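To start, the structure under review is shown below, and the notes come after it.
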Amino acid sequence: MMGRNYWLLKSEPEAYSIDDLSRDKSTYWDGVRNYQARNFLRDSLKKGDRVFFYHSNAEPPGIAGIAEVTKEGYPDPSQFDPKDVHYDAKSDPRDPTWFVVEIKFVKKFREVIPLERLKKVPALAQMPLLRRGQRLSVQPVAEKEWKAISELTP
DNA sequence: GCCAACGTTGGC
DNA sequence: GCCAACGTTGGC
């Protein structure tokens with residue numbers, strides 16, 4: 001698709017996994033509380049973009065499947081809910097701080113592609129994911145990286 | 001469970 | 001505006 005971009009979203013599977021997305025079919029990506037990641041969600045992820053669903057704090061950590069953006073950035077409802085762990089009392093509803101996108105399930109890989117495996121692929125050396133100390137939970141993925149990773153799956 | 005790396009907060 | 005203290009992320 002012309003102009004489609006690629007991304008990687010991290011989630012701890014204990015909180016929300018590829019199986020949860022497979023069951024739900026779609027979800028909105030709430031709870032992101034980092035400004036750089038927020039900017040991507042608000043400004044950059046576009047309908048039709050493809051997303052790698054990454055399992056962090058998992059055994060093994062790695063890419064578990066693929067999703068697709070179905071709705072572009074809009075205010076994260078959880079920031080206004082005092083009972084939600086992601087509640088942000090400082091966020092003004094007239095000028096919200098945090099944003100979500102909606103994604104839909106595309107596929108679950110037969111096996112997670114482990115982080116360890118990704119590290120061995122030369123074409124992926126520049127990925128932020130593989131950089132030491134990089135914690136960004138919403139990251140751009142270059143097209144050549146997307147292709148290289150896709151070739152790792154059966 | 002440890003802890004390095006990083007982002008945020010707040011005193012000054 | 002600096003920077004120490006603190007909280008979080010996330011691999012190991």
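Predicted model only: the values in this text are computed from it and were never measured. Naming: A, B, ... by sequence-line order, numbering from 1 per chain.
- Going from atom OH of A:Tyr35 over to atom P of B:dG7 covers 14 Å, rounded to whole Å.
- Nearest-nucleotide positions on DNA chain B place A:Asn57 closer to the 5' end than the other of A:Gln134 and A:Asn57.
- Place A:Lys90 and A:Gly133 on DNA chain B by their nearest nucleotides, and A:Gly133 ends up nearer the 5' end.
- A salt bridge does not link A:Asp88 to A:Lys90: none of the charged nitrogens lies less than 4.0 Å from a carboxylate oxygen.
- Distances shown here put a side-chain N or O of A:Lys119 below 4.0 Å from the OP1 or OP2 atom of C:dC12.
- Nearest to the side-chain atoms of A:Arg135 among the listed nucleotides C:dC12, B:dA4, B:dC6 stands B:dC6.
- Checking C:dG11, B:dT9, C:dC12 against the side-chain heavy atoms of A:Glu116 singles out C:dC12 as nearest.
- Between A:Leu8 atom CG and C:dG10 atom C1' there is a gap of 13 Å when expressed in whole angstrom units.
- For C:dG10, one of the phosphate oxygens OP1 or OP2 lies less than 4.0 angstrom from a side-chain nitrogen or oxygen of A:Lys10.
- The side chain to side chain donor-acceptor pair (under 3.5 Å) test with A:Ser78 is passed by exactly one of A:His86, A:Lys83, A:Arg33: A:Arg33.
- C:dC12 atom P lies 10 Å from atom CD of A:Glu59, rounded to whole Å.
- A donor-acceptor pair shorter than 3.5 Å can be found between the side chains of A:Tyr16 and A:Asp24.
- Of the listed nucleotides (C:dC12, B:dG7, B:dA5), B:dA5 has the atom at the smallest distance from the side chain of A:Arg132.
- Remark: P of C:dG11 and CE of A:Met127 are 13 Å apart, rounded to the nearest angstrom.
- Between A:Tyr74 and A:Trp98, a ring centre-to-centre spacing not shorter than 6.0 Å is recorded.
- With rounding to whole Å, A:Leu115 atom CG is found 18 Å from C:dT9 atom P.
- For the pair A:Asp88 CG and B:dT8 P, the interatomic distance rounds to 12 Å; values are reported in whole Å.
- Distance, A:Asn34 CG to B:dT9 C1': 15 Å, rounded to whole Å.
- A:Asp20 has a carboxylate O that lies under 4.0 Å from a charged side-chain N of A:Arg23, or vice versa, which qualifies the two as a salt bridge.
- Residue A:Tyr54 places its side chain closer to C:dG11 than to any other of C:dG11, C:dG10, C:dC12.
- Rounded to an integer number of Å, the gap from A:Arg33 CZ to C:dG10 P is 15 Å.
- Picking from C:dC12, B:dA4, C:dG10 the nucleotide with the shortest atom distance to the side chain of A:Ser56 gives C:dG10.
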